[in-house]
Amino acid sequence: MTDQELLDFADKAKEKAYAPYSRFQVGAAILTKEGKVFTGCNVENSSYGAAICAERTAAVKAVSEGYHDFEMIAIASNGSDKETVYPCGICRQFLHEFNSDLKVICQSPDGFETYRLSELMPKGF
């Protein structure tokens with residue numbers, strides 16, 4: 001699967017986001033080493049700490065179906081026309097649990113940027 005194809009899954013997933021407070025819709029698509037794609041969106045809550053990011057939603061869906069060997073993840077948002085969207089610190093640490101060298105595709109005003117999770121989360125634990 002190409003980077004753009006995975007990003008297209010994430011872009012579509014953002015439309016399902018529940019973001020009544022921030023209006024910042026985020027979608028993610030994670031690809032397993034077996035070739036399966038799981039998508040997720042952010043789900044906000046009036047109790048801010050109870051919110052969940054798109055990246056963790058996608059990963060939790062995959063794990064709940066028995067997949068935890070992740071190859072790459074793509075992230076898209078409704079704000080990516082203005083700035084690149086990156087995973088937050090909690091998501092970086094969460095994903096590090098499964099693959100510290102995970103390929104991360106971040107939607108940007110110019111299309112997308114790619115990183116390794118180890119670049120975005122050095123010295124994760």
Side-chain angles (χ1 to χ4, degrees):
M1 174 167 299
T2 69
D3 294 357
Q4 185 61 57
E5 288 171 332
L6 193 63
L7 188 60
D8 290 344
F9 277 106
D11 199 47
K12 187 174 180 183
K14 80 178 180 204
E15 301 303 323
K16 296 178 181 172
Y18 179 74
Y21 306 103
S22 71
R23 306 270 188 250
F24 187 65
Q25 296 174 291
V26 181
I30 197 162
L31 177 68
T32 70
K33 291 185 179 174
E34 295 85 1
K36 294 206 42 117
V37 175
F38 292 88
T39 60
C41 62
N42 59 317
V43 180
E44 294 181 348
N45 191 281
S46 59
S47 174
Y48 191 71
I52 186 167
C53 299
E55 300 91 326
R56 285 182 285 144
T57 299
V60 166
K61 284 172 66 176
V63 171
S64 72
E65 294 296 321
Y67 298 89
H68 52 81
D69 292 326
F70 304 137
E71 188 172 309
M72 61 180 162
I73 189 168
I75 306 151
S77 82
N78 62 346
S80 63
D81 59 331
K82 297 181 183 87
E83 61 184 321
T84 303
V85 59
Y86 302 97
C88 73
I90 293 172
C91 288
R92 293 175 196 200
Q93 181 60 51
F94 188 90
L95 294 167
H96 185 275
E97 178 78 15
F98 300 98
N99 182 355
S100 63
D101 201 40
L102 183 71
K103 184 177 186 178
V104 181
I105 304 157
C106 303
Q107 194 175 44
S108 72
D110 297 324
F112 62 87
E113 300 171 10
T114 61
Y115 301 91
R116 289 293 174 180
L117 185 58
S118 56
E119 294 176 272
L120 299 174
M121 182 70 183
K123 301 182 191 245
F125 54 93

- Between Ala28 and Ala13, which heavy-atom pair has the shortest distance, and what is it? O-CB, 4.1 Å
- Message: Taking Tyr86 as the starting point, is it possible to reach Leu7 by hopping between hydrophobic residues whose side chains are less than 4.5 Å apart?
- Response: no
- Rounded to the nearest 0.5 Å, what's the gap from CG on Leu95 to CD on Glu55? Could you check? 7.0 Å
- Message: As a quick check of understanding, evaluate side chain to side chain contact (heavy atoms under 4.5 Å, CB included) for Ser46 and Tyr21, giving each step before the final call.
- Response: CA-CA 8 Å; Ser46 59; Tyr21 306 103; 3.4 Å; yes
- Task: Take atom CD of Glu83 as the centre, draw a 6.0 Å sphere, and report whether it contains more than 12 heavy atoms from other residues, nucleotides or ligands.
- Result: no
- Message: On a heavy-atom basis, which atom in Ser108 and which in Glu113 lie closest, and how many Å separate them?
- Response: CB-OE2, 3.9 Å
- Applying the 4.5 Å side-chain criterion to the ILVMFWY set and letting contacts propagate, would Val63 and Leu102 be lumped into a single cluster? yes
- Examine Val26 and Tyr115 and state if one hydrophobic cluster contains both, with Ile, Leu, Val, Met, Phe, Trp and Tyr joined whenever side-chain heavy atoms are less than 4.5 Å apart. yes
- In the single-linkage hydrophobic clustering (I, L, V, M, F, W, Y; side-chain heavy atoms under 4.5 Å), do Val43 and Val85 co-cluster? no
- Query: Are Asn78 and Phe24 close enough that some pair of their side-chain heavy atoms sits under 4.5 Å apart?
  - Reply: yes
- Message: Quick check: is Ile52 connected to Ile75 through a chain of hydrophobic side chains (ILVMFWY, heavy atoms under 4.5 Å apart)?
- Response: no
- Item | Full working for side chain to side chain contact (heavy atoms under 4.5 Å, CB included) between Val60 and Phe94 | CA-CA 10 Å; Val60 166; Phe94 188 90; 3.8 Å; yes
- Query: Between OG of Ser77 and CD of Gln25, what distance do you get to the nearest 0.5 Å?
  - Reply: 9.0 Å
- Message: Working to the nearest 0.5 angstrom, can you tell me the gap between Asp69 CG and Leu31 CG?
- Response: 11.5 Å
- Query: Would you say Phe70 has more than 12 foreign heavy atoms packed within less than 6.0 Å of its CZ?
  - Reply: yes
- Query: Looking at Gly40 and Ala54, what are the two nearest heavy atoms and their distance?
  - Reply: O-CB, 3.6 Å
- Would you call Gln4 and Ile105 a side-chain contact if the rule is heavy atoms closer than 4.5 Å? no
- Message: Counting C-beta onward and ignoring hydrogens, is there a side-chain heavy-atom pair between Ser100 and Leu117 closer than 4.5 Å?
- Response: no
- In short, Ser118 meets Asp101 closest at the heavy-atom pair OG-OD1, 3.7 Å
- Query: Side-chain contact, heavy-atom cut-off 4.5 Å: Arg23 with Pro20?
  - Reply: yes
- Item | For the student: nearest non-hydrogen atoms of Met1 and Met72, plus distance | O-CE, 3.4 Å
- Without swapping roles, check the side chain of Glu44 against the backbone of Ser22 for a donor-acceptor pair under 3.5 Å. yes
- Beyond-backbone contact of Val104 with Ile73, side-chain heavy atoms, under 4.5 angstrom: yes
- What's the shortest heavy-atom distance between Ile30 and Ala58, and which atoms? CG2-O, 3.9 Å
- Message: Could you check whether any side-chain heavy atom of Gln93 comes within less than 4.5 Å of a side-chain heavy atom of Phe125, counting everything from C-beta outward?
- Response: yes
- Message: Please report the interatomic distance OG(Ser80) to CG(Asp11), rounded to the nearest 0.5 Å.
- Response: 7.0 Å
- Query: So do the side chains of Cys106 and Pro87 get within less than 4.5 Å of each other, counting heavy atoms only?
  - Reply: yes
- Query: Nearest 0.5 Å, what's the NZ-CD distance between Lys36 and Glu71?
  - Reply: 15.0 Å
- Mind checking the NZ-NE2 spacing from Lys123 to His96? Nearest 0.5 Å is all I need. 11.5 Å
- Item | Min side-chain heavy-atom separation Asp3-Lys103 under 4.5 Å | yes
